[in-house]
Structure formats: structure tokens, C-alpha cells
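Just the heavy atoms: all of them, side chains too, but no hydrogens, waters or symmetry mates, feed the values below. Order of the sequence lines sets the chain letters (A, B, ...), proteins ahead of strands, with each chain counted from 1.
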Amino acid sequence: MIEQLLTDKVTEAVKTLYQLEASPSQIQLQNTRKEFEGDITLVVFPFTKVSRKSPEATAAEIGEYLKVNEDAVEGYNVIKGFLNISINQEYWLSFLSANYRAGEFGFREMDNGHQVVVEYSSPNTNKPLHLGHIRNNLLGFSLSRILQAAGKNVVKVNLVNDRGIHICKSMLAWQRWGNDETPESSGLKGDHLVGKYYVIFDKHFKEEIAVLVTEGMNPEEAAKKAPLIIEAQQILQKWEAGDKEVINLWKKMNGWVYDGFAKTYQTLGIEFDKTYYESQTYLLGKELVEEGVQKGVYTRRADGSVWIDLTADGMDEKLLLRSDGTSVYMTQDLGTAMQRYEEYKPEQLIYVVGNEQEYHFNVLKVVLKHLGCTWAESIYHLSYGMVELPAGKMKSREGTVVDADDLMQEMFDTSEAMARELGKIESFDDEEAKNLYRTIGLGALKYFILKVDPKKNMLFNPAESVDFNGNTGPFIQYTYARIKSVLRKAADAGDEVSFSTLQSVQLMPQEKELLRKIHDFPAIVAQAAELHSPAIVANYAFDLASEYNRFYHELTILKEENLASRALRLSLSQFTSKVIANALWLLGIEVPERM
RNA sequence: GGCCCCAUAGUUCAAUGGAUAGAAUUUCAGAUUCCGGUUCUGAAGAUUUGGGUUCGAAUCCCGAUGGGGUCACCA
């Protein structure tokens with residue numbers, strides 16, 4: 001791309017002019033702002049020290065050097081310390097004709113040397129997925145695709161939290177109040193059915209606590225002494241002891257949940273390369289802790305529990321093994337991290353987990369480093385903020401969770417209402433129309449959530465997200481469909497032939513703007529991968545769609561008489577549609593061929 | 001309270017330390033017209049606060065204020 005070309009030339013220029021070996025960070029190239037003449041701008045302030053001249057004079061010297069020594073540079077102008085470089089039209093046109101047909105534009109070949117593991121989703125099996133999981137799943141899936149497009153060999157991993165006291169609560173409630181209810185008999189999706197019993201457990205549990213409190217017990221103690229919780233703990237113990245009856249019930253109910261999750265994942269359009277179950281990994285990590293004790297980096301207390309003192313690292317003391325020898329969260333995460341490292345030897349180990357667990361991952365890294373695992377540095381916690389709704393905050397503790405399945409259905413319904421109102425579906429049969437609602441509803445949801453910087457808390461407004469105008473997924477999808485429609489019409493008129501005649505037309509400003517925007521796409525993908533941020537791709541997709549709309553609005557395409565101009569505009573349209581499709585693919589968003 | 005994160009137009013989001021802080025939406029004005037709708041054009045509108053570093057700060061550093069998270073032998 002042109003940036004690389006210019007970086008090299010500028011390096012050469014400052015070496016020749018000022019005998020300076022410039023580091024890449026000193027060469028700051030950016031797209032020239034619209035109000036100025038030029039395509040790419042070099043910030044020359046970093047060179048004024050060695051040039052011992054004013055910013056303007058320095059810029060002029062470098063500009064002149066580039067103009068003389070680089071064919072692609074046709075001119076320059078200087079404003080303050082900014083050197084605005086004009087790239088000649090041949091460069092842009094050859095870029096266009098070389099790439100406009102390339103379906104994989106912006107994507108790099110996979111390099112097997114760069115393996116990356118991305119863990120995301122990681123649900124509990126006692127209740128259905130909710131809005132928070134949606135952000136998690138979308139981020140994880142999209143990030144995986146972005147990394148893949150940047151040339152990484154990505155393994156998408158899910159770690160299902162299928163054991164523990166939470167599922168025992170659902171099991172107990174189902175045994176006691178369930179009357180053999182099944183997904184089939186109740187018509188409920190499996191995960192919803194199990195979630196229902198979790199809620200039932202909680203209701204009775206709270207009642208028991210209330211009774212104990214009126215009898216004079218303090219609430220904290222009551223929460224530990226309530227018969228239901230004791231019984232649930234007994235079930236957990238039986239589970240760990242391998243009790244047949246308990247295990248069978250556990251398998252049955254988890255099976256229902258998996259069926260339900262599979263449907264949710266399918267509807268949401270995400271997938272995994274590999275699924276791990278905590279029931280199979282929760283014993284891992286104990287040997288590691290033992291190893292740490294031998295090495296003297298962890299300490300065993302009199303009661304048998306194992307701790308690490310992280311006060312020197314600015315953290316607290318942390319428990320690594322219970323006094324009864326059983327694992328805690330940290331123990332198994334140490335184990336699974338080690339397992340993954342040994343299995344894949346990845347250059348990066350990414351965890352998509354909410355920001356409430358930031359401390360946990362900081363500790364995880366440090367604990368591994370104390371063990372001598374230098375690869376702990378490759379752990380990256382993609383920490384994301386909470387999703388709120390206009391109605392208020394979404395926290396499971398307050399019982400205001402928004403169910404993922406319900407939310408998606410609402411999105412489909414809303415997009416249907418919207419499409420009908422706008423008369424989008426008159427030429428569609430039922431099947432096509434239904435697919436369109438799905439595509440639009442999901443596109444709206446995904447785009448709205450992914451366009452926000454992951455680390456920030458965000459507000460999801462369902463009604464606003466499906467708007468066909470504005471910074472929304474449907475707007476981008478609509479732009480794509482419109483381009484496709486233009487191209488179909490052109491093809492009907494037998495225009496394909498002229499696509500190949502892209503020579504010596506004069507680029508109009510709007511055409512060049514669009515081309516420049518398209519030209520940025522590979523750099524955007526690289527940056528998004530580097531910063532682990534789908535938001536960069538999302539905002540780019542909107543920019544590109546908006547740019548196309550401006551282009552489309554100001555220039556005629558189908559009625560253009562000049563054949564070369566017409567070919568130019570059609571190839572630009574084709575190119576834009578490919579890049580929009582590619583950008584949306586990175587976000588896991590489908591594009592409709594017409595709408 | 002300790003530690004971590006966040007703070008940008010009325011609202012929801014942008015801005016690798018670079019030029020006059022961009023969009024979308026809302027509001028207002030105009031155009032379009034079967035219409036108080038749609039579409040189009042234009043305008044208005046923001047860096048919480050006080051210092052510091054820098055040629056240059058929304059961005060980096062220190063303090064204040066406000067919001068969120070986290071400080072379990074839960075995961």
C-alpha cells in the first residue's frame with residue numbers, strides 16, 4: 001500500500017537531507033483532512049530538530065525530495081508543520097483495477113506460525129444466556145474473525161461451567177417441585193426449563209432464610225444454615241463422589257441446557273472450534289500448585305490451604321487451594337491456561353470475560369509468572385463493560401436480566417414491523433421475507449453492540465438499533481443491497497464488458513474520496529487485530545457506507561453517458577460492496593442481496 | 001476505605017500526542033409533497049474541574065468531583 005511506500009521514501013529523504021536514521025514512530029502519516037488539498041499528510045515536527053529549520057521549510061524540503069524521487073507523488077503543499085502529499089491518479093486507478101474484483105480484499109493468508117486461542121462465551125449451565133453473554137459472544141466471535149483476517153491461525157474455544165453448586169440448586173428444585181417436567185412435556189427450551197428451577201430454588205431458599213431470621217438468626221448465618229442450601233451442598237458432594245443417581249440427573253439436565261444453548265448460538269450465528277467442560281478440567285491445576293509449593297513460591301498454611309503472597313506485586317494474598325485440598329476458580333484457571341499453552345503453544349491466549357474479573361486475570365498472570373511461566377505475558381484479557389438498557393441497569397442480582405432468546409425474537413419482530421412499514425418486502429415470498437427480518441434484526445443487534453469500544457459500559461437501545469437511517473447495522477446492510485441492485489441493473493444492460501476499460505478517466509473528488517476510504521480497509525483490519533477491537537471495523541463500515549451514499553447521491557451511475565466514467569463508477573460500486581461485505585463478515589453480520 | 005476502569009453536543013457513539021474535536025439522532029429553519037409522515041439542504045449544539053509535561057493534549061502525569069467494578073476456602 002501507499003503508506004509503506006511513503007514511509008520508505010520519507011526515511012530515505014530524512015537520511016539524505018539530515019543524516020537522520022528515522023525510527024518508524026517518527027514517521028507519522030495520516031489521511032489528509034478533507035478541507036486541504038492532498039491525499040496523505042506527513043507530520044514534520046519530529047524532524048525540525050535535526051533539520052534546524054522551521055517546520056514549513058522542513059516540510060518543503062521533504063516534499064520536494066518526494067516529488068522528485070517518487071513516481072506516485074505528483075505534488076505537495078505545506079500548511080504549518082503538515083506536508084500534504086498528492087498521489088497521482090495512476091496509482092489510484094491501478095489500485096482500483098487490480099483489486100475491485102478480489103473477494104478477499106483486505107484479508108491476509110493464514111500464517112500457521114501465529115496461533116491464537118480465543119476463549120469466549122463460557123456460560124453456566126443453570127440458566128439461559130442473557131444480554132451480557134450476547135456482548136461476550138459477539139466480541140469473541142468477531143475478534144476471532146478479525147484475527148483470522150489479519151493472518152492468525154485462530155482457535156475458538158468455549159469453557160462450559162457445567163459443575164458446581166449452581167447446577168445442584170436447579171437439580172434439587174427440579175427433584176422436589178419438578179413433577180418430571182421435561183422440555184418436551186413443558187414446551188420450554190431446555191436452558192429455560194433449567195433456569196426456571198434455579199429461580200424456584202432461589203424463591204424457596206429466600207423464604208427459608210426469612211423464617212430463620214424471624215427466629216433470631218442473623219441473615220448471613222441463615223444463608224449458610226438454610227436446609228435447602230445444605231441439601232444442595234450434599235448433592236454437590238455426592239456428585240464429586242460419583243454418585244450414580246446424582247450424575248445421571250446432572251447429565252440429563254445439562255443435556256437439556258446444551259440443546260438450548262446450541263439453538264441460541266445457532267440463532268446468534270456464532271460457533272466454536274472446541275468446547276471444554278469444567279467437569280473435565282476442574283481437577284487440573286492442583287499439580288501446578290503443588291509444584292509451586294515445592295519451589296517455595298507458594299506457601300501451605302497449617303490448615304492445609306495454599307496461598308500466594310502478592311503484596312510485592314501490589315496485590316493481596318490469594319488462595320490457591322482450599323484447606324480440604326479442593327480447587328478454587330484460580331486453581332482450575334491455572335490448569336486450563338497451562339493445558340492450552342501446551343496444546344497450542346499460542347502466541348496469544350485471549351480471554352473474553354467481563355471487566356468484573358479484571359483482578360482475577362491480573363492475579364492469574366502474576367501467579368503463573370511466579371511459577372516461571374514466561375508465556376504468561378501472552379495472556380490477554382479482553383475485558384468488556386456492562387450492557388445497560390434504556391429501562392435501567394441489567395444485573396442478574398436485581399432480577400432484571402434480559403434473556404438472549406427473548407431479545408433476539410424482539411429484534412426480529414421489530415425489524416419485521418419496520419420492513420413492512422417501509423414496504424421493503426412487497427416482492428418477497430414468505431420465506432425470503434422471514435430471512436430478511438432475521439438478517440436485519442441480527443445485523444442491528446450485532447452492529448449496535450460491536451460499534452462501541454469493548455471496555456466501555458454501553459447502553460443498548462433496541463428501537464434505535466433497527467432504524468434504517470443513522471449509524472446502524474440496517475443502514476449499512478441497506479447500502480450494500482442498493483449497490484447490488486445497481487450492479488444487477490447494469491449487468492442486465494450488458495455492462496460487464498465495460499468494467500475492464502478503466503483507463504485514463506479523470507477521477508472526480510467524490511470518486512477519489514470513496515477510493516481512498518476503500519484503500520484504508522487492510523490497515524483497519526490490522527489495527528483492529530492489534531487493538532483487539534471490533535469497534536474499529538464497525539465504525540469503518542459505517543464510514544464507508546456513508547461515503548458511498550455521498551458518492552451515489554452526487555454522481556449518476558446508470559445514466560452516465562461516458563462509458564469510461566460509467567465503468568469507473570460501476571467498478572467502484574462493486575469494490576465498495578465487496579469491502580462492506582468483508583467488513584460486516586468480520587463482525588459476523590450477514591448482508592442481504594436485496595432489501 | 002484500598003485497588004482498577006470510565007467521564008466528549010440534549011441523547012447514543014467517534015477521534016495511532018497533531019490542523020477548525022467528527023458522526024448519528026434530537027431540536028430549529030428552508031426545500032420537496034396527497035400528509036404535522038418520508039426524502040433533501042442548512043443551522044444550532046460538547047472535551048466534568050484545577051494544575052503539569054510538550055512546538056502541539058479529549059488523549060500522557062498529579063490532584064479534585066461524579067459514575068461503575070472489585071476486594072469470598074463462589075465461579
Tell me whether the guanidinium CZ or amine NZ of A:Lys127 lies under 6.0 angstrom from the six-membered ring centre of A:Tyr198 and within 45° of its axis. yes
Pairwise P distance, B:A15 and B:A23 [rounded to whole Å]: 15 Å
Phosphate-side-chain proximity, A:Lys49 and B:C55, N/O vs OP1/OP2 below 4.0 Å: no
If B:A31 has a Watson-Crick or G-U wobble mate with both distances under 3.5 Å, name it; if not, just say none. B:U39
Compare side-chain N and O positions of A:Lys456 against OP1 and OP2 of B:A14 and report whether any pair is under 4.0 Å apart. yes
Any chance the side chains of A:Asn158 and A:Thr275 put a donor and an acceptor closer than 3.5 Å? no
Under a 3.5 Å limit for both distances, which nucleotide forms a Watson-Crick or G-U wobble pair with B:U70, could you say? B:G2
Could you run down nucleotides 19-39 of chain B 5' to 3' and tag each one B, S or - for protein heavy-atom contact under 4.0 Å? BS-SSSS-------------S
Between B:U26 and B:U12, how far apart are the P atoms? Round to whole Å, please. 15 Å
What is the distance, rounded to the nearest whole Å, between atom CZ of A:Phe361 and atom C1' of B:C71? 17 Å
Could you measure between the two C1' atoms, the one in B:G1 and the one in B:U25, and give it in whole Å? 41 Å
With no hydrogens and no angle check, just 3.5 Å: does a side-chain donor-acceptor pair link A:Thr472 and A:Asp467? no
How is A:Val452 classified with respect to the nucleic acid when contacts are heavy atoms under 4.0 Å: base, sugar-phosphate, or nothing? sugar-phosphate
Whichever of A:Gln527 and A:Asn161 has its nearest RNA chain B nucleotide further upstream toward 5': A:Gln527
Between B:G69 (C1') and A:His381 (NE2): distance, integer Å: 12 Å
Quick check with a 6.0 Å cut-off and a 45 degree axis cone: is A:Arg340 positioned over the face of A:Tyr276's six-membered ring? yes
Now, which nucleotide makes the Watson-Crick or G-U wobble pair with B:G18, with each of the two distances under 3.5 Å? B:C55
Distance in angstrom units between A:Glu358 CD and B:G68 C1', rounded: 12 Å
Can you tell me how far C1' in B:G56 sits from the matching atom in B:A64, rounded to whole Å? 26 Å
A:Phe448 six-ring face occupied by A:Lys451 cation (under 6.0 Å, within 45°): yes
Check whether any side-chain heavy atom of A:Leu320 lies under 4.5 Å from a side-chain heavy atom of A:Trp307, and answer yes or no. no
Starting at atom CD1 of A:Ile40, determine the distance to atom P of B:U16, rounded to an integer number of angstrom. 17 Å
Between P on B:A14 and CD1 on A:Ile524, what's the gap in Å once rounded to a whole number? 14 Å
With no hydrogens and no angle check, do the side chains of A:His370 and A:Asp313 hold a donor and an acceptor under 3.5 Å apart? yes
When rounded to the nearest Å, what value does the distance between P atoms of B:A31 and B:G37 take? 14 Å
Which of residues 316-323 of chain A sit near RNA chain B, with a heavy atom under 4.0 Å from it? A:Asp316, A:Leu319, A:Arg322, A:Ser323
In whole angstrom, give me the gap between the C1' atoms of B:U11 and B:G18. 29 Å
Checking only heavy atoms, does the side chain of A:Asp303 share a donor-acceptor pair with the base of B:C73 at less than 3.5 Å? yes
Under a plain distance cut-off of 3.5 Å, with no hydrogens placed, do A:Asn137 and A:Ser121 share a side-chain donor-acceptor pair? yes
Can you check the distance between B:C4 and B:G42, where both ends of the measurement are the P atom (answer in whole Å)? 47 Å
Relative to each other, are the rings of A:Phe272 and A:Tyr120 parallel, tilted or perpendicular (30° and 60° limits)? tilted
Taking only the side-chain heavy atoms of A:Gln28 (C-beta and beyond), determine which of B:U16, B:C73, B:U12 contains the nearest atom. B:U16
For B:C3 and B:C61, measure between their P atoms and round to the nearest Å. 15 Å
Would you check if there is a donor-acceptor pair between the side chains of A:Asp8 and A:Gln4 at a distance under 3.5 Å? yes
Rounded to whole angstroms, how far apart are CG on A:Asp520 and C1' on B:A14? 15 Å
Using a heavy-atom cut-off of under 4.0 Å over every strand shown, decide if A:Asp453 touches base, sugar-phosphate, or nothing. sugar-phosphate
Which nucleotide, if any, forms a Watson-Crick or G-U wobble pair with B:G63, using both distances under 3.5 Å? B:U49
How many Å lie between NZ on A:Lys365 and C1' on B:C4, as a whole number? 14 Å
Find which nucleotide of RNA chain B each of A:Met458 and A:Gln332 is nearest to by heavy atoms, and output the residue with the more 5' nucleotide. A:Met458
Measure the acute angle between the ring planes of A:Trp239 and A:Trp250, then classify it against the limits of 30° and 60° as parallel, tilted or perpendicular. perpendicular
Does A:Asn457 reach a base, just sugar-phosphate, or nothing at all? Heavy atoms under 4.0 Å. sugar-phosphate
Side chain of A:Arg516, backbone of A:Ile40: donor and acceptor closer than 3.5 Å? no
A:Asn539 CG to B:C13 C1', straight-line distance once rounded to whole Å: 7 Å
